[in-house]
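Here's a structure for you.
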Amino acid sequence: MAEPQEPSGPPRAPSGTHDVLWPESARWEELVSRFARRAQMAGYGLALTPVLEEARLFRRGVGEASEVVTKEMYELTDRGGRHLALRPEGTAPVVRAFVQHRPSVPFKAWYVTPAFRYERPQAGRYRQHHQLGVEALGSDDPDLDVEVVALAAGFYDDLGLRRVELSVNSMGCEADRPTYLSALGRYLQEHASELCQEHQERWVHSPLRVLDCKRPQCRAVTEDAPRMVDFLDEACAAHFARVRAGLDALGIPHRLDPRLVRGLDYYTRTTFEFASPALEGAQNAVGGGGRYDGLAEVIGGPAAPGIGFGIGIERLLLACDAEGCFDPAVPTPDVFVVDVTGGQAARDLCQELRRCGLAAERAFGGRSLKSQLRRADRSGARAAVVVGPAELQAHRVQVKDLRGDRPDREVARAVLAVELVSDLLGGDAGTGAAGGGP
RNA sequence: GUGGCCGUAGCUCAGUUGGUUAGAGCGCCAGGUUGUGGCCCUGGAGGUCGGGGGUUCAAGUCCCCUCGGUCACCCCA
């Protein structure tokens with residue numbers, strides 16, 4: 001544990017965290033709203049759960065064996081002596097809420113949340129990153145698996161991503177996994193000397209992790225290792241077959257990856273991962289998830305099967321950049337109010353125009369006419385409303401078309417809002433929005 | 001947590017073998033037009049050269065430490 005040293009200079013975002021400011025944040029707004037729309041269309045409602053949870057939730061739920069919990073979790077003791085943790089992932093908290101409140105099933109929820117993992121930061125890997133996800137509890141119907149995977153796949157499609165590759169596997173269940181683990185164990189024992197240095201030591205402790213190892217020695221060994229999919233009992237095999245048939249039926253391309261092992265301990269049966277080959281480097285998983293039929297029980301609740309996924313927003317946006325897609329227009333004001341008579345007119349006009357449904361912007365601080373018009377232009381507003389002494393006197397304003405070549409015109413102040421709504425919003429919007437208190 | 005590379009204005013970057021007051025483009029502000037934006041021209045503001053220590057007559061340039069970024073490992077979103 002490093003001795004913390006007092007940083008110098010003004011405070012900055014901690015290592016591995018980052019700010020998202022305008023206009024980049026406009027992409028986040030659009031991204032989240034598209035996901036929300038898709039989730040709602042499929043019957044998922046928003047779930048908001050605390051960023052802080054009891055640390056034991058993750059120890060038990062995510063698992064003592066997972067590195068996410070053992071090496072990467074942000075833990076703290078609060079003033080009341082409670083042992084808490086910043087959520088390292090999104091599933092366990094939703095399952096905890098499900099167990100705590102027992103909503104009717106199937107319980108289908110979507111979320112957007114920060115997730116915290118103490119790792120060495122690099123591109124696409126942060127100590128605080130953000131995930132979009134869904135969880136569906138209370139049914140083990142394989143068609144639910146298909147629905148969940150299809151939701152994610154459709155979302156990638158929505159963003160214009162064309163190169164996202166879906167891998168699927170089945171991890172089996174409590175009944176058939178021991179048989180597989182002993183078969184895998186026997187195989188690894190025979191080939192232990194051929195494994196990479198790290199796994200020569202560790203294969204006994206976590207044999208499944210060897211399957212995930214990317215070093216050539218381990219890859220060579222696991223190429224012919226026993227595959228979980230060959231050890232599924234009848235029910236699990238049928239379940240997995242139905243899932244794959246469902247994906248085929250919906251036209252969702254996918255590839256069986258018998259070595260797909262996910263790093264969180266709770267997974268059973270269906271697991272899946274979306275990777276973007278457009279992303280350089282190792283951080284190319286843009287989403288992943290699976291079924292967790294034992295999780296609710298593990299954390300002390302009723303038996304309740306479930307499935308879900310998480311999508312990393314930062315990585316997803318990197319993938320969009322790499323593919324050159326999802327570049328939504330940054331919202332701009334409809335109208336920019338220029339006032340060289342002291343500011344009261346701008347104050348009042350902005351309020352009025354906004355009430356009528358127009359996005360109105362202005363300058364502050366008594367700037368020159370030239371300066372205000374320059375800002376109007378750079379704001380991207382389609383029109384400028386100019387108020388000078390003469391206009392003020394005559395109860396009129398000048399309207400300038402900033403994007404086209406329509407000549408300037410004078411409009412009576414009293415009818416300005418109506419005129420602009422008609423001009424800029426196509427005539428029908430905003431008419432009901434006027435009135436009401438300030 | 002291990003190792004490699006990098007850190008100069010808000011942004012993208014120049015800065016010669018260590019050598020006067022550290023530069024450019026973009027952006028920002030103002031002026032060129034006593035009331036008219038974009039294009040153009042002129043000027044201005046803005047830098048503890050990431051931070052600290054050391055070597056030296058002299059450090060943005062060299063050394064050490066540290067912080068941050070980045071890449072690989074690891075892990076995963």
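So you know, we letter chains A, B, ... as the sequences are listed, proteins then strands, and number each from 1. No hydrogens, no waters, no symmetry mates; every other heavy atom, side chains included, goes into these values.
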May I ask you to decide if the ring planes of A:His191 and A:Tyr187 are parallel, tilted or perpendicular, using 30° and 60° as cut-offs?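 If you compare the ring of A:His191 with that of A:Tyr187, the planes turn out tilted.
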TODO: Rounded to the nearest angstrom, tell me the gap between atom CZ in A:Arg378 and atom P in B:G37.
DONE: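 Those two atoms, CZ and P, are 12 Å apart.
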Subject >> A:Arg291 backbone acceptor or donor facing A:Tyr266 side chain under 3.5 Å >> reply: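 No, the answer is negative, given that no donor and acceptor are paired below the 3.5 Å cut-off.
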Checklist entry - For A:Thr271, does its backbone N or O pair with a side-chain atom of A:Asn169 as donor and acceptor, under 3.5 Å? => result no
| field | Inter-nucleotide P distance (B:G32, B:U36), Å rounded | value | 10 Å
| Within the structure shown, what part of the strands sits under 4.0 Å from A:Gly365 by heavy-atom distance: base, sugar-phosphate, or nothing? |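 No contact.
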For B:U20 versus B:A59, give the span between their C1' atoms, rounded off to a whole number of Å.
14 Å
Picking from B:G68, B:G35, B:C29, the nucleotide nearest the side-chain atoms of A:Ser15 would be B:G68
Judged by nearest nucleotide, the residue sitting upstream toward the 5' end of RNA chain B, A:Asp408 or A:Lys370, is A:Lys370
Looking only at N and O atoms, is any donor in the side chain of A:Asp377 or the base of B:G38 less than 3.5 Å from an acceptor on the other one?
no
message: At less than 4.0 Å, is any side-chain N or O atom of A:Arg374 found next to OP1 or OP2 of B:U36? Yes or no.
response: no
Strand partner of B:U34, provided both Watson-Crick or wobble distances fall under 3.5 Å:
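Answer to the pairing question: none, since B:U34 forms no Watson-Crick or G-U pair.
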The nucleotide from B:C73, B:C29, B:C75 with an atom nearest the side chain of A:Glu72 is B:C75
A:Met73 CE to B:C75 P, in whole Å, measures 18 Å
Checklist entry - Expressed in whole Å, how much space separates the C1' atoms belonging to B:G47 and B:C11? => result 14 Å
(message) Looking only at the side chain of A:Tyr118 (C-beta and beyond, no hydrogens), which of the listed nucleotides B:G1, B:C28, B:C75 gets closest?
(response)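 Closest of the options to the side chain of A:Tyr118: B:G1.
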Q. Is it true that the side chains of A:Gln393 and A:His395 contain a donor and an acceptor less than 3.5 Å apart?
A. no
Answer for the Watson-Crick or wobble partner of B:C5, both distances under 3.5 Å, is B:G69
Practice prompt. Assign A:Ala390 to base, sugar-phosphate, or nothing according to its heavy-atom contacts below 4.0 angstrom with the strands shown.
Written response: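 The residue A:Ala390 makes base contact.
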- Is a side-chain N or O of A:Arg315 found less than 3.5 angstrom from the main chain of A:Gly124, in a donor-acceptor match?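 Yes, A:Arg315 side chain to A:Gly124 backbone: donor-acceptor pair under 3.5 Å.
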Per the side chain to side chain donor-acceptor pair (under 3.5 Å) rule, which among A:Glu314, A:Arg127, A:His129 passes with A:His18?
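The single option meeting the side chain to side chain donor-acceptor pair (under 3.5 Å) with A:His18 is A:Glu314.
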Quiz item: Do the side chain of A:Glu119 and the base of B:A77 come within less than 3.5 angstrom through a donor-acceptor pair of N or O atoms?
Solution: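 Counting by modelled atom types and ignoring angles, a donor-acceptor contact under 3.5 Å is found here.
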The Watson-Crick or G-U wobble partner of B:A24, with both key distances under 3.5 Å, is B:U12
Between B:C75, B:C76, B:G35, which nucleotide gets closest to the side-chain atoms of A:Leu369?
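Output: B:G35.
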Looking for any heavy atom pair under 4.0 Å, which part of the strands does A:Glu391 touch: base, sugar-phosphate only, or nothing?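 The residue A:Glu391 makes base contact.
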Discussion item. Tell me the interatomic distance from A:Glu273, atom CD, to B:C76, atom P, rounded to whole angstroms.
Written reply: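 So the two atoms are 9 Å apart, to the nearest Å.
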Tell me whether A:Glu323 contacts the main-chain N or O of A:Arg162 through its side chain, where contact means a donor paired with an acceptor under 3.5 Å. yes
Please check the phosphate of B:G37 (OP1 and OP2 only) for any side-chain N or O of A:Arg403 closer than 4.0 Å.
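No, outside the criterion.
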Handout entry: Length of the CG-C1' vector between A:Asp405 and B:C39, whole Å
Key =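 From A:Asp405 CG to B:C39 C1': 16 Å.
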At under 4.0 Å, does any side-chain N or O of A:Ser371 touch on OP1 or OP2 of B:A30?
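Looking at the OP1 and OP2 atoms of B:A30, one of them is under 4.0 Å from a side-chain N or O of A:Ser371.
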By the Watson-Crick or G-U definition, both distances under 3.5 Å, B:A45 is matched with none
Exercise for review: May I ask you to say what A:Val340 touches in the nucleic acid, namely base, sugar-phosphate or nothing, with a heavy-atom cut-off under 4.0 Å?
Suggested key: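 A:Val340: no heavy atom of the nucleic acid under 4.0 Å.
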From CD of A:Gln122 across to C1' of B:C75 the rounded distance in Å is 10 Å
Open item on the list: Using a heavy-atom cut-off of 4.0 Å across all strands, would you classify A:Phe274 as base, sugar-phosphate, or nothing?
Closed with: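 It contacts nothing in the nucleic acid.
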Rounded to whole Å, the CZ-P distance (A:Phe336 to B:G38) equals 14 Å
Check: Rounded to the Å, how far apart are A:Arg87 CZ and B:C76 P?
Finding: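 Atom-to-atom, A:Arg87 to B:C76, this comes out as 19 Å.
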Rounded P spacing from B:C63 to B:U55 in Å
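Per the computed distance, 15 Å lies between those P atoms.
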Would one find more than 12 heavy atoms of other residues, nucleotides or ligands at under 6.0 Å from atom CD of A:Glu190? yes
Discussion item. Please give the distance between the P atoms of B:C62 and B:C40 as a whole number of Å.
Written reply: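 Straight-line distance between the two P atoms is 39 Å.
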**Prompt:** Would you say the ring centroid of A:Tyr292 lies under 6.0 angstrom from that of A:Tyr267?
**Reply:**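 No, the ring of A:Tyr292 stays outside the 6.0 Å limit from the ring of A:Tyr267, centre to centre.
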Could you give the distance separating B:G3 and B:C64 at their P atoms, to the nearest angstrom? 14 Å
Worksheet item: Nearest to the side chain of A:Lys400 - B:C74, B:G68, B:U36?
Response: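 Within the option list, the nearest is B:U36.
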Next item on the list: Answer yes or no: is there a donor N or O on one side and an acceptor on the other, between the side chain of A:Asp19 and the main chain of A:Leu21, under 3.5 Å?
Entry: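 A pair under 3.5 Å: no.
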When all nucleic acid strands are considered with a 4.0 Å heavy-atom cut-off, which category describes A:Arg117: base, sugar-phosphate, or nothing? base
Measuring only the C1' atom in each nucleotide, how far is B:G69 from B:U12? A whole number of Å is fine.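 Those two atoms are separated by 16 Å.
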* To do: Return no unless some side-chain N or O of A:Gln372 is found under 4.0 Å from OP1 or OP2 of B:U36.
  =>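 Negative; the distance criterion is not met.
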| request: Just call it for A:Gly124: base, sugar-phosphate, or nothing, with non-hydrogen atoms closer than 4.0 Å on any strand. | output: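 Contact class for A:Gly124: base.
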Problem set entry | First encountered from the 5' end of RNA chain B, between A:Thr17 and A:Ile311 |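 This one resolves to A:Thr17.
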Practice task
Rounded to whole angstrom, note down the P distance from B:G38 over to B:A30.
Solution key: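 Their P atoms lie roughly 12 Å apart.
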Find every protein N or O atom lying less than 3.5 Å from an N or O atom of nucleotides 2-8 of chain B, and list the pairs.
residue	atom	partner	partner atom	Å
B:U2	O4	A:Arg120	NH1	2.8
B:G3	O6	A:Arg120	NH2	3.3

**Prompt:** Going by ring centres under 5.5 Å and near-parallel planes (under 30°), is A:His129 stacked on B:A77?
**Reply:**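 The base of B:A77 is stacked with A:His129 (centres under 5.5 Å, planes under 30°).
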Carboxylate-amine/guanidinium contact A:Glu30 A:Arg27, below 4.0 Å: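 Salt bridge between A:Glu30 and A:Arg27, a charged N being under 4.0 Å from a carboxylate O: no.
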A:Leu373 CG - B:U36 P separation (whole Å) =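 Answer to the nearest Å: 9 Å.
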Review point. Below 3.5 Å, does any donor atom in the side chain of A:Gln398 face an acceptor in the base of B:U36, or the other way round?
Key: yes
